[in-house]
Structures are given as structure tokens and as C-alpha cells.
Amino acid sequence: MNPLETPFIKTIRREIAFTARDHTVWFWMIIVTCLSVLSVAFGQAEIKHQHVQIQSLVQANEASNTLESSKWNDWGSAAFYHYHMTYDAPSDFAFAALGQRDNQPWKHRIRMLALEGQIYERDVSNPSITIIGRFDFSFLAAFVFPLILIMLLYDLRASEIKAGRYHLLVSSVSHIASLWPLRTILRTTAVLLCLLVPMIFAGAINGTSLSTLLQASIMVLLFTLFWSVVCYIVSAWRQSSAIILTTLVGLWVVTAVVLPAGAKVAIDKAVPLPSGADILLHQRETVNDAWDIPKEITMNNFLQRHPKWANYQPKPPSFDWPWYYAFQQVGDQATENLSTAYRNGRLQRDRIAGWVSLIAPSSLLERSLQSLANTGTAASIDYEDRVRIYHSKLREFYYPKLFRHEPYDKTHLNKVPRFNGR
Amino acid sequence: MKEIVYIAVGELRYWLRSHLALGGSLVFLMLISITSILTTGHINAENNARVQQQKNAEDTFLTQPDRHPHRMVHYGHYVFRSPPPLATFDPGLDAITGQSIFLEGHRQNTAMFAESGASADLGGLSWLSPALVYQIFAPLIIILLGHGAIAREREAALLTPILSLGVSGYSLVLGKALALLIFIIIIMIPLMVTCTIAVFKGADPIAAGLLFCVYLLYLIVWGIMTLCVSSILHKRSTVLAVLSSCWFIFNLALPSLAVNFVTYTTPLSGKIETDLTLLADLHKVGDGHNINDPAFGQLREQLLKKYNAQSLADLPVNFRGIVAIEGERKLTNVLNSYAARRMAGETQQSQQLANYGWLTPTLAITFISRSIAGTDLANYHRFQKEAEALRFSFVQKLNHAHAEQLSYSDDIQRNKDEASGLKARINASNWKSLGSYHFKKSILSDRVKSAFYSFNILLTWFFEMCIMLFLCARGINS
């Protein structure tokens, strides 16, 4: 006899063989594998589509700028008609968690005019698609997978009792206490591997960094551990399998749906946001009023914030482009408070949602995977911030040319800052 | 007949004694009641806010001083999308579509500020609405109550005695079905209440009635499915496991997977992409600000000939205004054709998605429900079209005022000095032509028409289930 063949190892071997003979386990393993493959494959296809889209948009925008540029004859008109693509390219892990990318804009075509009028444009997907949401890996792992675990683990004990094998098992196994954990671990590991392997495989193809994949796997592992422990504890309860199953599904409903939904309502109530309409109306008033009020008022408002251009002298005969851009910026300044409040409010809501998700594991896992993939709310606000910074760089580029009346030189257009979409 | 009622009463009594059934129903009723109250309050508040914002936008437009008409074309206007009354039951796309559009000359803007963009994000199904609770959680509670209906009798070895008493398999199944139907009607009371309140707020009573009918049909489909599985499988816990698996595959997995398939097979180009492709067409239209654009050469000749004038200054109308009218008209035609194409693409995508209703009744009911409530894609498109019609109308009214009320000579000298600038203005009373706007609910017959396709799917599900139940009932033996 092999000296390593302790009774415990024997039990493990027997249990593996037992699990491998169980049709239910095979059934769910196949289902999980299929779902996981489908989720990452479609995620991958969508990411590829977005990359292609970005590339073609940048090219088309370039082409249209080149076409238009023949009409530009001064820096003012060049700045007015020159459009710039900004975009947030999907990260190398986005295939697993598409997050907010169907709901929040990740591409803009902006120009030197007041930014507030442009940044809230929403070029997003078809809403009847967005409302259902994609079946991506994060959704599978966070919302569907626990239910599959429940189906696998709810009647481990009860079924043995029903089948009349329970007492036989108890008498034949040396450590009965370790039998149920062992079965739970074996079944869980089997489906967990089916879930993770396609994701890791897709990650390898995408060149996702090892640490990202490792972090994602650990998150899913911990989440799975949580649910299998819950299933283990609840199924130890001496009740009929129907009651155990109902309790487990009930727990899923509460943690995956009711708590998040309730928290969402509460958070939105607790952190009020300025209405978007107010931002836009206010911005438009300021920009448009500039035409009716003396230019000095606008220029004073502008120069207070940008004293650099204080010694600017308007050229009387032509249309005064510097003044035009100054009032655009004053328009942005006027809504600065509202706009910052809108931004910070959203971040605040997101932060609280992050804390609340600590008691809603499904939300926690989905949010964590999204933040790994840079597709959450914070990432979308970060993109918005980068557009703002980029727009201010455009201003820095054009202002010297405008306020110092530099002669128009087409070749300088090559030096226009470009948006770095990563 | 008597035995059917007898069996139904017995089943109802059993549920009343079962902690599981009572507890589950209670939790469901609490969930649906709270969701209904919150959603109704929220949608009504949103509605009031948007009506108020619409009024503010109109007031600010009207109180603008005398101006050059083209200034007002660029000053622009806002429209707000008010949710229809039945949105209190099914808010549908309300939260994820933009609430307002900025209307200005020469451009069609996107709808901005969707509520979902600013909300706390907790993922998954955190947009609970009464409709969603009925679509997803009502089936779960039906499964919870109904799964044991026949399997329980079989497990307790009561099936043989019952059948030997002369009760047929049909009567047994029909009795259990009757009990489930009564239960379904009870859990639909919150739907009736929410919809009745919506009727008082202006919803069509027929639409509310239709919602009740389609949800009844949908839940009956689930009820029958439950009975079928309960009569086929032998172990009660297996019945529950199979039904729960069906539940999450139908409700969670399949609809999202369908989204994956549809977006992959019929991808859509976004607004920016369309904007870039339509630029070439816009060049042909000409720039409505530039009277020397060759695109308007023919128009100039025609006008000079018509009025027998030597120069533009001799025309009885302001040629700049005429060019603005013509430019806007042609430009709008181009924009509209592209917008129509984009909407057709979206409609096609959503139609494709509706096709997957053949695989899961949940998709069918979501489409029917949104259509009847008036919160579907067609409604959102209607908002965009109405906004565009309003944009075109007020811009052209201003352009007409430009052509008729402002002389050409005053117009071309507007930048000369301050006095000329003041002269090149028209009276603020012209702004009244904007009129007032309210985004109303769509006509009921249109909504019913767009619900028709998915309704057929749901009806097919119902008949299929009935046949299944018939077969199962025939096969019942101990």
C-alpha cells in the first residue's frame, strides 16, 4: 500500500470520482464555460469595434479638418472651425467589464468654443440596448454565477439524506466533518475554473497585465468563497431542500437587487446635484449676453482670471476674435461652480456607492472589476476631466496667437495639441 | 367543475399554512409596494421639474430684448422631455435617455443629461421599477408557490390515492392552475393601484387595462411553466432547482446575451460618425451665412429677375434673410435624412432584439410594457422628431422676420458702429412666434401597434404553454 494513501487522501480521491460522476456538476460546468466564453468573446468583439471606431473617427475628423482648412484665413476662424476628437480608448481589461461605456459618452468632437456647451453631448448607444445591458464577464461573475453556485450547493446534504445514503456515508467516512466542506470545495473549484479560464485566456490574448488578471481572479475567488460559505452554512440547516434553496435565492435577491436598488435611491436623494439644464441655460445666457453688453465688461471678467493678456489691444476694423473667445471662456467661468458641483456630486455619489457595495457583494465585485477595467463612473469622470484639460491646452495654444495678433500661418496648425486618448 | 374548485381551495389552504408561501408573498408584496410608491413619487417629481424647466426656457426666450433675428437663431431654445403618465409603472427608457435638447440654427444636437449618467452606480439590476419587479420577481414568487403543486402530492405518495378517487389528471392540474391564477391576480393588485393612480394623472384607461392584461398573460405563462415542470419531475427540490435555473436563464442571461448578439450582428455608427459623413453633403448645401456662396447664385438671379431689380439693395426683401431661409431648409433636409437613417438603424436593432422574445418571454413583456406605457424607443424618437420640428419652425420664423422686417442695407451695415448695430434689430414681439411646447404622451393606437409584434410572441408562448400543460396533465399518473 502506498504510504501516502492516508484515509484522508482516499476520501479526496473518492470524492473527486464522485463529483466527476455527477451529471448536475457537468451540466453546470458546461453552462458556465459557455457563458464565460460568450461573455469574453463578445466583450472582445465590442472592444475591437470601439478601437476601430476611434481610429476611423480620428481619421475622418482629420480629413474634414484638412478639407475645411482651405477656408481658414486667420487664427480666429482656424480656431472656430477646427474640430478635435477626444476619446477614451477601452483598456486592455475592458473586454471583461464594459461598465458605463454604453451609457456614458466616451467620445467627443470639440472645438475652441465654450466647453460647457459641448462636454455634455451624449453620443451613446441605442437606449433600448443600454437598458438591458451587455452580458459581460463582470455581470456573469457578479450576478449569474452566485445563482449557479446556489444550484450546485444547496442540496449537498439534504439530497444524501433523501437518497438514504447519509448514514451510510457518515459511517464510512473517517472524518465526516470534513466531507461536506470537501464536496463544497470540489464543486466550487470546478465551476470557478470554468468561469476564470476563458477570462484569463482572453486576457492573455489582449496582453492584459498579469497583475490585473491576478487581481481580477482574486476578486472573483473571494466572491466565490463568500457565496460558497453562505451556501455551506445555509445548507447545513436542518430543513427541506426547498426551504434551503428559497433562502439562498432570497439572499441573492436581497444582496444583488434590493440592497443596491434601495441604496441607489437613497444615495441619489442624499446627494443632490444641480440640474444639468441649469448649467446649460446659465452658460448660454452668459455667452449670449456678451453681444449686448459693452465689450469692456466681458474683457474685464476675462482678464481678472487671465491677467496675462491685460495689455491686449483690440484691432478696431475687423471682427474681434479675441473678444469672441474671451466671452466663450467667461461663459465657462460663469457656470464653473454649477459644473464643478455637478462633477463632484457625481463623484460623491459614486464614492458612497462604493462604501454601500461593501454590504452588497455582487455590486462590490462588479464595481471592482469595472475599476480594474477603467470603465466605471470614476473613469468616465476622469475622461471628462481630461477633455477639460485638453480644452484648456487648446486655449493656451490659440490665445497667444489671437491676443498678440500673430499672423496666420497654416504650418503652425501641426503644433495644435493632440488629445491623448491612451 | 366542482372538483377543480375543491382542489384549488385545497391548494390555497395549503399555501396559507405554509410559512414559505406566506413569507415569500409578503416579501414580494412589500417589494412591489415600496417600488411603486418610490417610482410614482420620483416620476411625478421629474415631470413637475421638467414642465417647470420648459416654462423657464420659454420665459427666458420671450423676455429677450430687441435683437438681430439671427442672434436669436443662435441664442436657441431648450425642450424638455416629460415622462408619460404610465411611466410611474414602467419608466422604461426614461432614466437612460437625455432629458433635454438644445435647439439652435444649423445644428441638431443630441439629447443631454440622462439621469443614469449622474446616478450612483451599483450595477446589475439596480434600476428597480414596478414593471421590472413584475417582469423578474413575480415569476420567482410564482415558482416558489407553484413548484410543489403536483410534485408535492407525488412525493407524499398522495397522487395515487387522489387519482384513484376518480379525479382525472386534467382536473387536478386545472385545480392547481386555478389556485395559481387566483394568486397571480392577488399579486397584481399593486399594478392595478399604480395604473389607476396613473389614470387619474392622465393616462389612458385602455392603456392601463392593456397593461393589466399583458402582465396577467405573462405571469400565467410562468404559472403554467411551473405546473408543467412540477408534474414532470419527481423530486420537489429538483423541480425548484430546474425552475429557478429557468428563471435566471430567461431573466438574467438570455436578454443580455441577446444584446451581445444584436450589437455584434447589427452595429450602429454613432452621432459623431454620422456628423462627419454628412459634412460632404453639407458642402453642397452652402453656408446660409454667406450670401456669396455659389450655392445661392441661382436664387439671387431668380429674385433679381422676379423683382426686376439691379442689385440686392433694390430687392423688397432682405436677401440675407432669404439665403438664411434657403440655407436652413436645405441643411435641415440633409440633417433629417441622416437622422432618419440613424433612427431607422436604432429601430432595426431594437426590432432584432425583440425577436429574441421567442427565446425568453421576459424580453417580449419588456417590449410590450414599454410600448404601452409609452416609454419605448419610438417615444424617444418621437421626442427627437418633435424637437427637430420645433427647431426648424422657430428658426425659419426668425429667418422670415429677418427677410421681411430688416432691410438689406441696415443688415449689411450692422457691424459699422453702435448705432447701426441698434438699427439692425427687429422687435422683441417676434420672439412670441416660438409658441409653447409640451411633450405629450403618444397616441394610444400607435403604442398598441408597436406593441403588437411582441404581443404575438407572448401569445405564442401562452399557447405553447397551454399545449404543454395539456400534455403534462394527460401524462399524470402515480
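All chains are named by letter (A, B, ...) in the order of the sequence lines, taking the proteins before the strands, and each is independently numbered beginning at 1.
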Query - Contacting region of E68(A) [heavy-atom separation from chain B under 4.5 Å] - result: side chain

Query raised in the report: Contact part of Y264(B) toward chain A, heavy-atom cut-off under 4.5 Å: side chain, backbone, both or neither?
Result: side chain

Report task. For chain B, find which of K269(A), E285(A), E46(A) contributes the most heavy-atom pairs closer than 4.5 angstrom. Result -> E285(A)

Requested in this report: Below 4.5 Å from any heavy atom of chain A, which atoms of F137(B) appear? Answer side chain, backbone, both or neither.
Outcome: side chain

Query raised in the report: Measuring heavy-atom distances to chain A, does T238(B) have an atom under 4.5 Å in its side chain, in its backbone, in both, or in neither?
Result: backbone

Query raised in the report: Considering only heavy atoms, which portion of I150(A) lies under 4.5 Å from any heavy atom of chain B: side chain, backbone, both, or neither?
Result: neither

Query raised in the report: Does some side-chain heavy atom of L276(B) sit less than 4.5 Å from a side-chain heavy atom of E273(B)?
Result: no

Query raised in the report: With distance as the sole test, does R81(B) use its side chain to make a donor-acceptor pair with the main-chain N or O of S100(B) at under 3.5 Å?
Result: no

Query raised in the report: Checking L273(A) against chain B: side chain, backbone, both or neither under 4.5 Å from a heavy atom?
Result: side chain

Query raised in the report: Within 45° of the six-membered ring axis of Y83(A) and under 6.0 Å from that ring's centre, is NZ or CZ of R109(A) located there?
Result: yes

Requested in this report: Give the member of D350(A), I148(A), L140(A) that has the highest number of heavy-atom pairs under 4.5 Å with chain B.
Outcome: I148(A)

Report task. Below 4.5 Å from any heavy atom of chain A, which atoms of L279(B) appear? Answer side chain, backbone, both or neither. Result -> side chain

Query - Contact origin within L240(B) toward chain A - heavy atom pairs under 4.5 Å - result: both

